[in-house]
Amino acid sequence: MKNLQKPIRNEFFSTKVDDYDDNNNAEVEELLLQGLEKKSLLGWSLYKYKGHWCSLDLLRPIIRCEKYFKARDTDVILATLPKSGTTWLKALTFSIINRSQYPLDENPLLTSNPHALIPFLERNIYRENEKPDLDHIPEPRIFSTHVHYKLLPTSIMESKCRVIHICRNPLDQFISLWHFKNLISTSGSISLDEFLEAYCEGTHDYGPFWEHVLGYWNAYLKNPEKVLFLKYEDLKKDVNFNVKMIAEFIGYPFSLEEEKMGLIDKIIKLCSFEKLKNLKVNQVGSLDSSLKNSYFFRNGEIGDWVNYLTPAMVERIEKVVREEFRGSGLMF
Ligand code: A3P
């Protein structure tokens, strides 16, 4: 049987808070009563759950996933903050794992966006179904998530499944996120100043960013066999080395023969920004009515922040980074 995960039905961002009628969740009700709520820049409320900010329509699936998801030892979980390299990591992991199933010129990435091949636990799976049946998915199952490390279901910690995290220089992640938020905003454009305010305060979806990154960083330091910690910039600088590392980490190392055949380079080329961005599916396709595949491919560069941020804005973010990451050993 093929390992291939079939494209999923995506409902990203399509459920508005008011449309959501699943009110029977004690944790959610308690949070609502506590009033840990803040109006987000996109016009809906954000709630703080275990130190993690998210909208109400994600809070319920996050809690469901925390409660019900049963990890298998063979699962691979891609854990990222939005705009840190999730799409790239999905494409690479999918191609590494499924490389023996079909020729590269028949890779589903050629006709499906990476997000349609690897679903988000909270954005897709547990948003569409309270207790989804995930048993039918052939092993190894690949899932992704944007939640903080401490919000991962305990079965992920207790099983031998692998977690891969990718982070990105906060200045670039911030600019990429700001562009993306403006693309999907239904309530007018968001200024750089107001978004900077929310970012540095930590009150953005899946924020604060420093808690997200540090959660996975510390988990990696504690158990590097369980958590692989990658940086977008490192992947850019030496993608070959990192692809081999990912393959080994998830138990799919490349053989010498595969290396000699140039298979690693072919996978890298297939998953490159230029290749994916220019595929028809990513130029004209969409994940749902409000989310075009092209939104996931902007310019894919390091250091684009210089074109947007004033020295004062840079200092604002760097101050947060200095303070929050002090003593962690993690540098950008
Ligand atoms: P920019 O907005 O800086 O261009 P995510 O996948 O986590 O949503 O992150 C999106 C960012 O990764 C965007 O950054 C996007 O252009 C970039 N990206 C998408 N696919 C990529 C790829 N294959 N290689 C490198 N960068 C990629």
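All ligand and atom numbering here is 1-based and tracks the order in the structure.
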Ligand 1-proximal atoms of R168, by part, heavy-atom distance under 4.0 Å: side chain

Check for me whether A91 has a heavy atom closer than 4.0 Å to any atom of ligand 1. no

Close approach, H179 and ligand 1, non-hydrogen under 4.0 angstrom: no

Run the contact test for K90 against ligand 1 with a 4.0 Å cut-off on heavy atoms, strictly below, and give the result. no

May I ask you to check if R99 and F254 form a cation-pi contact, with NZ or CZ under 6.0 angstrom from the six-membered ring centre and within 45° of the axis? yes

Contact check: F297 vs ligand 1, nitrogen or oxygen atoms, below 3.5 angstrom: no

So for N299, does at least one of its heavy atoms come nearer than 4.0 angstrom to any atom of ligand 1? yes

Can we say D135 and K70 salt-bridge, meaning some charged N sits less than 4.0 Å from an Asp/Glu carboxylate O? no

Tell me whether C271 has any N or O atom under 3.5 angstrom from an N or O of ligand 1. yes

Decide yes or no for I62 and H52: does some side-chain heavy atom of the first lie under 4.5 Å from some side-chain heavy atom of the second? yes

Has ligand 1 got any nitrogen or oxygen that is less than 3.5 angstrom from a nitrogen or oxygen of R298? yes

If the cut-off is 4.0 Å to any non-hydrogen atom of Y232, which atoms of ligand 1 fall inside it? 17 (C), 25 (C), 26 (N), 27 (C)

Specify the protein heavy atom at minimum distance from atom 21 (C) of ligand 1: its residue, its atom name, and the distance to 0.1 Å. F273 CD1, 3.7 Å

Ignoring hydrogens and angles, tell me if any N or O in the side chain of K226 forms a donor-acceptor pair with the backbone of I156 under 3.5 Å. yes

Need the ligand 1 atom indices (1-based, order shown) with element for anything under 4.0 Å from a heavy-atom of T86. 5 (P), 6 (O), 7 (O)

Below 4.0 Å, non-hydrogen atoms only: which portion of S272 touches ligand 1? Side chain, backbone, both or neither. backbone

Is atom NZ of K150 surrounded by more than 12 heavy atoms (other residues, nucleotides or ligands) closer than 6.0 Å? yes

Shortest protein contact, atom 8 (O) of ligand 1 (heavy atom only): K83 NZ, 2.6 Å

Students should be able to answer this: which protein heavy-atom is nearest to atom 24 (N) of ligand 1, and at what distance? W88 CD2, 3.2 Å

Does the pair R316/E197 count as a salt bridge with the N-to-O cut at 4.0 Å? yes

Heavy-atom neighbours of F249 CZ exceed 12 at 6.0 Å: yes

A student comparing P82, S176, S144 should find that the heavy atom closest to atom 1 (P) of ligand 1 comes from S176

Hey, is ligand 1 close enough to T87 that some N/O pair sits below 3.5 Å? yes

Do I268 and M261 land in one hydrophobic cluster if side-chain heavy atoms of ILVMFWY residues count as linked below 4.5 Å? no

Please state whether the rings of F180 and F296 are parallel, tilted or perpendicular, taking 30° and 60° as the class boundaries. tilted

Donor-acceptor contact present, side-chain T86 to main-chain P82, <3.5 Å: no

Between F180 and ligand 1, find which residue part has any heavy-atom pair under 4.0 Å and reply side chain, backbone, both or neither. neither

Using a strict 4.0 Å cut-off to heavy atoms of G85, name the atoms of ligand 1 that fall inside it. 5 (P), 6 (O), 7 (O), 9 (O)

Would K83 and F209 count as a cation-pi pair here, with the cationic atom under 6.0 angstrom from the ring centre and within 45° of the axis? no

Does a sphere of radius 6.0 Å around CD in E225 hold more than 12 heavy atoms from other residues, nucleotides or ligands, not counting ones at 6.0 Å or beyond? no

Atom 15 (C) of ligand 1 has as its nearest protein heavy atom F296 O, 3.3 Å

